[in-house]
Amino acid sequence: MKPYPSLKSIIAELLPLHRTIVSDDMDKTLAIIGGYLPDQANYALQTYSPGTKIWTWVVPERYIVHAAYLETESGQKVVDFADNPLHIISYSLPIDKILTWDELEPHLRYNEKFPDAIPWEFKYYERDWGFCLPKNQFDKLDRTARYHAVIDVEFARDPELGLKIGHGVLHPAGGAANGAGEIIVQAHSCHPMQANDDLAGVVSTIELARRLAEKPLPEGSMSVRFWFGPETIGTIAYLAHNEDLIPNLQAGIFMEMTGNKNKLAWHHSRQHDHLLDRITQYVLRDKDVDERDFAAAPANDERVINGPGVNVPCISLNRFPYEEYHTTEDNLNIMDEAMLQGAADVAEEIIRIFASNYIPKRTFRGPVFLSGHGLWVDWRENWNLNRAIEKIMMRFEGEHSIFDIAEQTGLDYWETYEYVEKFRAKGFVERLPIPSEAHTS
Ligand SMILES: [Zn+2]
């Protein structure tokens, strides 16, 4: 596990790479991410062969750019991929042709709001070709001239050059807990030259993994799976190749755009009032945050994780909207270390509660002889807990999780957890896992 001086420094390292859904630089990105993850996560890559059917989708080919530029007929460069990979629309088809302005113009993209920025555009599936350039440069182009468009690219189909994802799992103290299941944390990493969308989510997730490795979740908790790869298609490819993981998934957290100076927004799960939603609300109760519906813009991999046939409750954490979105203005200048860390703080607390939560099931009959077993709480020391003891003991029938009990008694989650754990240590309650809502087909 490589140390890092700041999360921003990892963004700086990954930013220049031409990361697009299936590409050589995407492989490099996934390797670099792995270097920063804790060794205990056993981070590994999976490769899916282009053309493979994955549910209703197909694994795309690898996009290899040999050269791409636009020049005037007399050979004056207008834009060059070598200067910035955003100059071509990702997955542009090959072309080598002299064009009039009228033929060229429909293939040029710019951004009105930032006239000096290059926008990032992609055509992964309805393939076409095109160049992206600053609006100010577009305005100055000679409408009477002819232009030479060159896009020399390859769509590689070799199985070993397939779509790659990176994943790893951190287990709680004492190792994987039988039947507890997993939480999946996802950050996509396929947006070339974009800092906030999407490297910010990647580094907040790296930070989260390091914290969970440094201070593991309590014994018996869920494990936490970390996932990096191309947006949407990567998650579909991953789940379609690892269907056996799905029934074990209890929840998902999708992180992106965590680095700009804006308040945090969280999007509900598709279930809307799932335990995961309530725990998120609890963690953010005193914070100024935006609360949004499931997959309200922007919508990402949570549409797969929490979508049809998978249905794992998944929230999204981000700091959207921001104006620089999908342009060269989304760069290190708008990245803030405290914002990146702040998103990790929130995700960490949600996970610590969600993963440690369980359903305590009574093994005793009659009210427990509290003082005889060291379970009595002196009202002079903790009035609220003393008042709640009866209510807590009445909720050990296998219907309520510890979080439910904390909510119903108005106690702090961790205080409730610690107290219930004392009953479990005495053998008065046993731990029941929370049932998963994942679809099995
Ligand atoms: Zn995006």
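The basis for the numbers below is simple: all heavy atoms, side chains too, and nothing from hydrogens, waters or symmetry mates. For ligands, and for the atoms within them, numbers begin at 1 and follow the listed sequence.
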Can you say whether the rings of Y413 and F403 are parallel (under 30°), tilted (30 to 60°) or perpendicular (over 60°)?
tilted

Is NZ or CZ of [X] both nearer than 6.0 Å to the six-membered ring centre of [Y] and within 45° of the ring axis?
| X | Y | answer |
| --- | --- | --- |
| K123 | Y91 | no |
| K77 | Y69 | yes |
| R352 | Y282 | no |

So the protein N/O/S atoms within less than 2.8 Å of the Zn ion (ligand 1) come down to H191 NE2, D197 OD2, H326 NE2

When you check the gap from the basic side-chain N to the acidic O, do R424 and E430 get nearer than 4.0 Å?
no

Please indicate whether E73 has more than 12 foreign heavy atoms, meaning atoms of other residues, nucleotides or ligands, lying under 6.0 Å from its CD.
yes

